[in-house]
Amino acid sequence: MSAASCLLTEDQFLCSICLDVFTDPVSTPCGHNFCKICITKHWNVDVLYKCPNCKEVFNTRPKLQVNTFISEMAAQFRQSVQQEASSSSSEHHVSKPGDAVPLKDAQIQQMIQKRRLKIQEMKRSVKLSKKDAAREIAAGVQVFSALKESVERSQAELIDTIKEKQRETEKQAEGFIKELEQEISELEKRSSEAEQLSQSEDHLHLLQSFPSLNAAPPTKNWTGVSVRPPSYEGTVVRAVNQLEETLSKQMKKLLLAELKRVQQYAVDVTLDPDTAQPNLILSGDGKKVNCGYVKKNLPDNPERFDTCANVLAKQHFSSGRFYYEVQVKEKTEWDLGVARETISRKGNIKLSPQNGYWTICLRNNNKYKACAGPSVRLSLKCRPEKVGVFVDYEEGLVSFYDVDAAALIYSFTGCCFTQKLYPYFCPSLNDGGKNSAPLIISPVNQTE
């Protein structure tokens with residue numbers, strides 16, 4: 001290897017994606033270098049424009065230009081390795097027919113370096129995973145601490161409310177009892193005086209005292225007076241309802257934050273006309289689809305649906321995470337989700353994970369279902385106008401969101417994906433114009 005090349009370590013000439021010497025090396029804004037074709041393919045498949053090394057996310061796709069300096073150095077390195085390998089071969093071994101070709105030292109060193117780079121990549125992934133886990137734990141602790149405080153506060157307020165009602169009842173009863181005792185005292189006093197006069201032989205004094213004894217003492221009519229125990233009906237229910245409102249607000253915040261996170265994995269999705277059932281009408285930009293009345297005369301290629309009004313996207317995904325949004329406004333029926341590559345595309349199709357479809361659907365204008373095999377009826381608080389679809393391939397997760405309400409509609413969890421996944425769309429039949437509105441793949445705007 002030349003002296004100039006030896007000034008740099010071998011790993012500085014290797015792309016961390018293909019683990020080979022750079023070909024047309026380009027630099028990302030964060031300063032890391034990759035083969036142009038490697039980073040381009042990575043960003044075409046990945047859902048985020050981020051650096052594979054440091055994981056920095058770029059808001060827009062960076063414009064990449066070949067780094068001529070790195071390119072020249074990589075070319076010199078490659079030439080040096082080839083010369084060294086050639087020299088080593090001629091000096092130490094002459095191959096004979098049938099001989100196994102030995103690994104040259106430069107090749108071994110390159111293999112070692114590739115594996116060291118892979119170790120570094122894995123360590124970075126673990127470090128990022130720990131960081132993400134710590135952040136999620138901290139956020140979770142904060143949320144549950146707030147909920148715990150809210151529950152304890154609601155419980156204390158409930159107890160205080162009940163005790164206050166009981167105190168008021170006791171206070172009212174004590175007041176009534178005091179009045180009654182005073183009247184009893186007055187009546188007993190009058191009774192005692194009457195008894196004494198009845199035994200007196202002083203008839204003049206008796207006649208003088210008779211009018212006052214004969215008058216009724218000042219007393220209250222207690223016939224309709226009673227102490228009613230307070231009604232506690234609904235007290236606990238109202239407290240729980242208030243708590244439910246608090247939980248609902250907290251849930252809204254969590255879902256909004258979750259929607260913002262998954263929206264970062266937005267991908268550009270377009271419809272594939274080669275898969276569209278012949279009655280479907282696709283827009284020129286591949287973003288809209290609705291069902292027409294006329295069945296077009298199209299080639300019945302293996303990729304095309306021939307009976308059900310279905311169409312797949314051109315894009316497919318076999319790793320990572322991706323997200324897209326579809327406008328379903330003014331439609332009375334539709335299906336949305338993802339499908340694996342080997343699904344049946346001919347004849348009538350039953351949507352279910354067992355058949356390779358992970359979808360939700362609308363039927364009869366107001367009946368929402370998750371096609372989980374058997375289907376699951378969904379109770380939605382409001383009618384979605386835009387549905388977000390998020391997939392985490394490795395996690396086996398497919399989630400659907402009401403974008404405007406920032407609400408989770410349904411999630412398929414624990415899925416096992418082994419094939420390419422394609423975004424799946426079904427605008428359903430026109431239904432005499434009632435369902436003529438198209439499904440529209442919409443640009444993703446970060447939820448406020």
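Quick caveat: nothing in here was measured; it's all calculated off a predicted structure.
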### Task
With rounding to the nearest 0.5 Å, note down the distance linking CG in D20 to SG in C35.
7.0 Å
### Message
Between K346 and D300 (salt bridge meaning N to carboxylate O under 4.0 Å), is one present in this structure?
### Response
yes
### Task
Check whether any side-chain heavy atom of L271 lies under 4.5 Å from a side-chain heavy atom of I441, and answer yes or no.
yes
### Query
Using 4.0 Å as the upper bound for N to carboxylate O, is an ion pair formed by E121 and R124?
no
### Message
Just by distance, no angles: are the side chains of N301 and R304 close enough, under 3.5 Å, to form a donor-acceptor pair?
### Response
yes
### Query
Between atom SG of C308 and atom CD1 of I349, what is the distance when rounded to the nearest 0.5 Å?
4.5 Å
### Query
D160 and K163: salt bridge (Lys or Arg N to Asp or Glu O under 4.0 Å), yes or no, with the steps?
CA-CA 5 Å; D160 286 345; K163 285 185 174 181; 5.9 Å; no
## Note on the structure
Paired with F322, the side-chain contact (heavy atoms from CB on, under 4.5 Å) test is passed by just one of V262, V338, V389, namely V338
### Message
Keeping K252 on the side-chain end and A405 on the backbone end, is there a donor-acceptor pair under 3.5 Å?
### Response
yes
### Task
Flag yes if more than 12 heavy atoms outside K165 fall under 6.0 Å of its NZ atom; otherwise flag no.
yes
### Query
So with a 6.0 Å cut-off around CD of E233, is the heavy-atom count from everything else above 12?
no
#### Entry: Q419 (side chain) donor-acceptor with T342 (main chain) under 3.5 angstrom
yes
### Task
Check whether the ring centres of W358 and F417 lie less than 6.0 Å apart, and answer yes or no.
yes
### Query
Can the ring centroids of F13 and F22 be said to lie less than 6.0 angstrom from one another?
no
### Query
So, for K381 and S248, which heavy atoms are closest and what is the spacing to 0.1 Å?
NZ-OG, 4.4 Å
### Message
As an exercise, state the distance from OG1 of T28 to CG of N53, rounded to the nearest 0.5 Å.
### Response
7.5 Å
### More than 12 heavy atoms of other groups within 6.0 Å of E136 CD
yes
### Query
Under a 4.5 Å cut-off applied to non-hydrogen side-chain atoms, are I343 and R345 in contact?
yes
### Taking every non-hydrogen atom, the tightest pair across T359 and G337
CG2-CA, 4.0 Å
### Message
Surrounding NZ of K296 (heavy atoms of other residues, nucleotides or ligands, distance under 6.0 Å), is the total greater than 12?
### Response
yes
### Task
Examine distances only and state if a side-chain atom of D272 and a backbone atom of D274 form a donor-acceptor pair shorter than 3.5 Å.
yes
### Task
Output yes when a side-chain donor or acceptor of S129 lies under 3.5 Å from a complementary backbone atom of S125, and no otherwise.
no
### Rounded distance (nearest 0.5 Å) linking atom CG of D285 with atom OG1 of T270
9.0 Å
#### Entry: Within-4.5 Å side-chain heavy-atom neighbours: L397 and F390
yes
## Note on the structure
From the list Q166, Q172, R167, side-chain hydrogen bond (donor to acceptor under 3.5 Å, both in side chains) with E170 holds only for Q166
### Query
What are the two closest heavy atoms between A339 and L312, and how far apart are they?
CB-CD2, 4.3 Å
### Query
If every non-hydrogen atom of T169 is compared with every non-hydrogen atom of P230, which pair is closest and at what distance?
OG1-CD, 3.1 Å
### Query
Is a side-chain N or O of K114 found less than 3.5 angstrom from the main chain of L19, in a donor-acceptor match?
yes
### Query
Are any of the side-chain heavy atoms of L255 and M251 separated by less than 4.5 Å?
yes
### Query
Which distance, rounded to the nearest 0.5 Å, do you find between the OG of S442 and the CD of E385?
11.0 Å
### Task
Please indicate whether L128 has more than 12 foreign heavy atoms, meaning atoms of other residues, nucleotides or ligands, lying under 6.0 Å from its CG.
yes
### Shortest non-hydrogen contact between A239 and L158, atoms and distance
CB-CD1, 4.2 Å
### Donor + acceptor pair across side chains of N365, R383 (<3.5 Å)
yes
If you look only at distance, which donor and acceptor atoms sit under 3.5 Å apart when one is on a side chain in residues 143-156 and the other is two or more places apart or in another chain?
| residue | atom | partner | partner atom | Å |
| --- | --- | --- | --- | --- |
| S145 | OG | V141 | O | 2.7 |
| S154 | OG | S150 | O | 3.0 |

#### Entry: Q263 versus N445, side-chain donor and acceptor atoms under 3.5 Å
no
#### Entry: Residues Y401, E325; criterion side-chain hydrogen bond (donor to acceptor under 3.5 Å, both in side chains); working and verdict
CA-CA 9 Å; Y401 297 87; E325 293 178 354; over 6 Å; no
### Task
Nearest 0.5 Å please: distance from the CG atom of N67 over to the OG atom of S27.
4.0 Å
### Query
Are a donor atom and an acceptor atom from the side chains of T307 and N348 found within less than 3.5 Å of each other?
no
#### Entry: Ring centroid separation Y422 to Y424 under 6.0 Å
no
### Message
Checking the side chain of S411 only, and the main-chain atoms of S399 only, is there a donor and an acceptor separated by less than 3.5 Å?
### Response
no
### Query
Going by atom types only, do N435 and K331 share a side-chain donor-acceptor pair under 3.5 Å?
yes
### Check ion pair R61-D268 (N to O, under 4.0 angstrom)
no
### Query
Quick check: does any side chain N or O of N310 sit under 3.5 Å from a backbone N or O of F305, one acting as donor and the other as acceptor?
no
#### Entry: S436 side-chain N/O to G433 backbone N/O, donor-acceptor pair under 3.5 Å
yes
### Closest non-hydrogen atom pair, G373 against Q354
O-NE2, 3.8 Å
### Message
Could you check whether Q264 and Y323, counting side-chain N and O atoms only, form a donor-acceptor pair closer than 3.5 Å?
### Response
no
### Query
Less than 4.0 Å between a side-chain N and a carboxylate O, is that true for D335 and R363?
yes
